[in-house]
Amino acid sequence: MGEQIVFRHDSKALSVCNRVRIYEGEKNVDCLEFMIPTTYNNINLTDCDIRMIYINSNNVENSLLLNDFLQSDFINECMVFRVVIDEKFTAVPGELKFYLKFTQSNSEDIVLESSTAIINVD
């Protein structure tokens, strides 16, 4: 298990739970596990492209399409996405800020965005 990130269905907030220590240069040891409800204010999120936007401490922004990491198991009506933490995440020590962007499938039209969450790379 690694960092568990929960998207709150009632506030667009991201909450980081189950914190683990992540070190600069690590790869393929831990994971980020996102739990995202299937709906938000009657919007079917299963029809969205869900992108994690992350910014390292050097202010370099990257993005990752979470849809590619959807697990077959749903927990409490939440989709589960499991992303292995690789050297892209741990290349620079310091705060790694990230948020989720939901867009209409195959479109750039933003449906909603989450709040920002932070994990530390030691």
Side-chain angles (χ1 to χ4, degrees):
M1 174 79 72
E3 301 269 352
Q4 188 175 62
I5 298 102
V6 178
F7 177 70
R8 301 287 180 207
H9 71 283
D10 56 354
S11 68
K12 298 182 191 175
L14 280 183
S15 299
V16 180
C17 313
N18 213 30
R19 291 192 180 267
V20 296
R21 208 162 192 106
I22 300 170
Y23 293 99
E24 178 183 7
E26 280 187 329
K27 60 182 176 182
N28 306 324
V29 175
D30 294 302
C31 67
L32 300 175
E33 184 176 80
F34 292 87
M35 295 183 66
I36 300 172
T38 55
T39 59
Y40 180 87
N41 281 345
N42 297 321
I43 298 169
N44 185 354
L45 297 180
T46 63
D47 292 337
C48 291
D49 283 339
I50 305 169
R51 192 164 292 281
M52 178 182 81
I53 311 298
Y54 61 100
I55 304 148
N56 68 22
S57 60
N58 286 346
N59 286 322
V60 175
E61 183 176 302
N62 294 290
S63 73
L64 182 68
L65 184 65
L66 289 184
N67 299 52
D68 296 338
F69 301 95
L70 180 63
Q71 304 299 296
S72 59
D73 53 332
F74 280 48
I75 300 172
N76 297 329
E77 298 183 33
C78 286
M79 298 176 285
V80 177
F81 302 87
R82 200 166 290 125
V83 178
V84 174
I85 297 172
D86 62 16
E87 61 274 6
K88 293 177 203 166
F89 294 103
T90 64
V92 179
E95 290 186 343
L96 184 70
K97 300 174 188 173
F98 60 95
Y99 63 94
L100 301 179
K101 183 185 288 188
F102 298 79
T103 58
Q104 292 179 351
S105 290
N106 302 315
S107 170
E108 294 298 317
D109 295 337
I110 298 172
V111 174
L112 65 97
E113 288 186 3
S114 73
S115 67
T116 301
I118 296 172
I119 57 175
N120 290 305
V121 177
D122 295 327

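- Residues satisfying the side chain to side chain donor-acceptor pair (under 3.5 Å) test with Asp109, not counting sequence neighbours, are Ser107.
- Annotation: ring pair (Phe, Tyr, Trp, His ring centres under 6.0 Å) contacts of Phe69 (sequence neighbours excluded): none.
- Among residue pairs with one or both ends in residues 71-81, those qualifying as side chain to side chain donor-acceptor pair (under 3.5 Å) are Gln71-Arg82; sequence neighbours excluded.
- Across every non-hydrogen atom of Ile53 and Ser63, the tightest pair is CD1-CB, 3.5 Å.
- Closest heavy-atom contact between Met79 and Phe81: CB-CE1, 3.6 Å.
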So Val83 and Phe89, side-chain contact (heavy atoms from CB on, under 4.5 Å) or not? Walk me through it. CA-CA 11 Å; Val83 178; Phe89 294 103; 4.1 Å; yes
Enumerate donor-acceptor pairs with a distance under 3.5 Å from any side-chain N or O in residues 91-103 to protein atoms, sequence neighbours excluded.
none

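- Counting heavy atoms from C-beta on, the side chains of Asn62 and Lys88 never come closer than 4.5 Å.
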Passes side-chain contact (heavy atoms from CB on, under 4.5 Å), Leu32 versus Ile119? Steps please. CA-CA 10 Å; Leu32 300 175; Ile119 57 175; 4.0 Å; yes
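- Under the rule for a side chain to side chain donor-acceptor pair (under 3.5 Å), the partners of Asp47 that lie at least two apart in sequence or sit in another chain are Asn44.
- Residues passing the side chain to side chain donor-acceptor pair (under 3.5 Å) test with Ser15, sequence neighbours excluded: Arg8.
- Partners of Asp122 under the salt bridge (Lys or Arg N to Asp or Glu O under 4.0 Å) rule, at least two apart in sequence or in another chain, are Arg21.
- Between Ser115 and Ala13, the shortest heavy-atom contact is OG-CA, 3.3 Å.
- Rounded to the nearest 0.5 Å, atoms NZ (Lys12) and CG (Leu112) are 5.5 Å apart.
- The OG atom of Ser57 sits 11.5 Å away from the CD1 atom of Ile118 when rounded to the nearest 0.5 Å.
- In this structure Thr39 satisfies the side chain to side chain contact (heavy atoms under 4.5 Å, CB included) test with no other residue, sequence neighbours excluded.
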